[in-house]
Amino acid sequence: MDCIFCKIIRHEIPSTIVMENDTLIAFNDIKPAAPVHILIVPKQHIESIAHLEPNHRAILADTIFTAKEIAREKGLKGYKLVFNVGREGGQLVDHLHLHLLH
Ligand code: 5GP
Ligand code: ZN
């Protein structure tokens, strides 16, 4: 898949990985918009929230749960979780990802 996040998932493009398991990867945003800016990315290539299907429910729940775990491990007391959806929603990379910002 010719997708920048798929390439990161395959370790073809380097990134600062925060967490990785069979279904998800989390890495630092290359252009941080806040002191902590981590992207939590399902390994399955789903384009966006708008492309979710019923069988993706568990992946989406895992994505949000992982954000919460990373925030807890980093001792963040408050943070923002953002999904940009579609170009008009500010989404530039068409591979579903959750921004964790603090
Ligand atoms: P979007 O605008 O699609 O919601 O967010 C995409 C994010 O991916 C942006 O914040 C951008 O800085 C980040 N990004 C784009 N390309 C790369 C990359 O090659 N490596 C990393 N670590 N982040 C990237
Ligand atoms: Zn992808």
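For ligands, and for the atoms within them, numbers begin at 1 and follow the listed sequence.
- At most 12 heavy atoms of other shown residues, nucleotides or ligands fall within 6.0 angstrom of atom CZ in Arg57.
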- Would Ile70 and Leu100 count as a side-chain contact (heavy atoms from CB on, under 4.5 Å) if you check the C-alpha gap in whole Å, the side-chain angles of each, and the deciding distance to 0.1 Å? CA-CA 9 Å; Ile70 292 170; Leu100 166 61; 3.8 Å; yes
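- Polar contact check, Asn84 against ligand 1: a nitrogen or oxygen pair lies under 3.5 Å apart.
- At least one heavy atom of Ile8 sits less than 4.0 Å from an atom of ligand 1.
- Of the protein's non-hydrogen atoms, the one nearest atom 22 (N) of ligand 1 is Asn28 O, 2.9 Å.
- The nearest pair of heavy atoms linking Ala67 to Leu81 is CB-CD2, 3.7 Å.
- Close approach of ligand 1 to Lys31 (heavy-atom distance below 4.0 Å) involves ligand atoms 12 (O).
- The ligand atoms of ligand 1 that sit less than 4.0 angstrom from a heavy atom of Phe27 are 21 (C), 22 (N).
- The protein non-hydrogen atom at the shortest distance from atom 15 (C) of ligand 1 is Val93 CG2, 4.2 Å.
- When non-hydrogen atoms are compared, ligand 1 lies under 4.0 Å from neither the backbone nor the side chain of Val82.
- The closest protein non-hydrogen atom to atom 6 (C) of ligand 1 is His97 NE2, 3.5 Å.
- Shown in contact with Ile4 at under 4.0 Å from a heavy atom are these atoms of ligand 1, numbered in order with element: 19 (O).
- Inspection of the environment of the Zn ion (ligand 2) yields the following protein N, O or S atoms under 2.8 Å: Cys3 SG, Cys6 SG, His45 ND1, His95 ND1.
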> Can you list the steps and then say if Phe5 with Leu96 is a side-chain contact (heavy atoms from CB on, under 4.5 Å)?
Replying inline: CA-CA 9 Å; Phe5 286 179; Leu96 192 144; over 6 Å; no
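- Closest heavy-atom contact between Asn84 and His99: ND2-NE2, 3.6 Å.
- Neither the backbone nor the side chain of Phe83 comes within contact range of ligand 1; no heavy atom lies under 4.0 Å.
- Among all protein heavy atoms, the one lying closest to atom 2 (O) of ligand 1 is Gly90 O, 2.8 Å.
- Using modelled atom types, one side-chain atom of His102 and one backbone atom of Gly78 make a donor-acceptor pair closer than 3.5 Å.
- Checking side-chain atoms of Gln44 against main-chain N and O of Ile46 turns up no donor-acceptor pair under 3.5 Å.
- Among pairs with a residue in residues 49-95, those fulfilling ring-ring contact (aromatic ring centres under 6.0 Å, His included) read His45-His95, at least two apart in sequence or across chains.
- Atom 11 (C) of ligand 1 has as its closest protein heavy atom Asp29 OD1, 3.4 Å.
- Checked by atom type and distance alone, the side chain of Glu12 never pairs as donor or acceptor with a backbone atom of Lys7 at under 3.5 Å.
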Might you work through the side-chain contact (heavy atoms from CB on, under 4.5 Å) test for Leu39 and Leu98, ending with a clear yes or no? CA-CA 6 Å; Leu39 302 172; Leu98 177 59; over 6 Å; no
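- Residue pairs satisfying the salt bridge (charged side-chain N to carboxylate O under 4.0 Å, His left out) criterion with at least one member in residues 75-92, sequence neighbours excluded, are listed as follows: Arg87-Asp94.
- Heavy atoms from both the backbone and the side chain of Ile30 come within less than 4.0 Å of ligand 1.
- Between Leu92 and ligand 1, a contact under 3.5 Å exists for at least one N or O pair.
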Evaluation steps, side-chain contact (heavy atoms from CB on, under 4.5 Å), between Met19 and Thr66: CA-CA 9 Å; Met19 169 271 165; Thr66 297; 3.6 Å; yes
Which pairs would a plain distance check flag for residues 23-33, meaning a side-chain donor or acceptor within less than 3.5 Å of a matching protein atom at least two apart in sequence or in another chain?
{"residue": "Thr23", "atom": "OG1", "partner": "Asn21", "partner atom": "OD1", "Å": "3.3"}
{"residue": "Asp29", "atom": "OD1", "partner": "Lys31", "partner atom": "N", "Å": "2.8"}
{"residue": "Asp29", "atom": "OD2", "partner": "His37", "partner atom": "NE2", "Å": "3.3"}

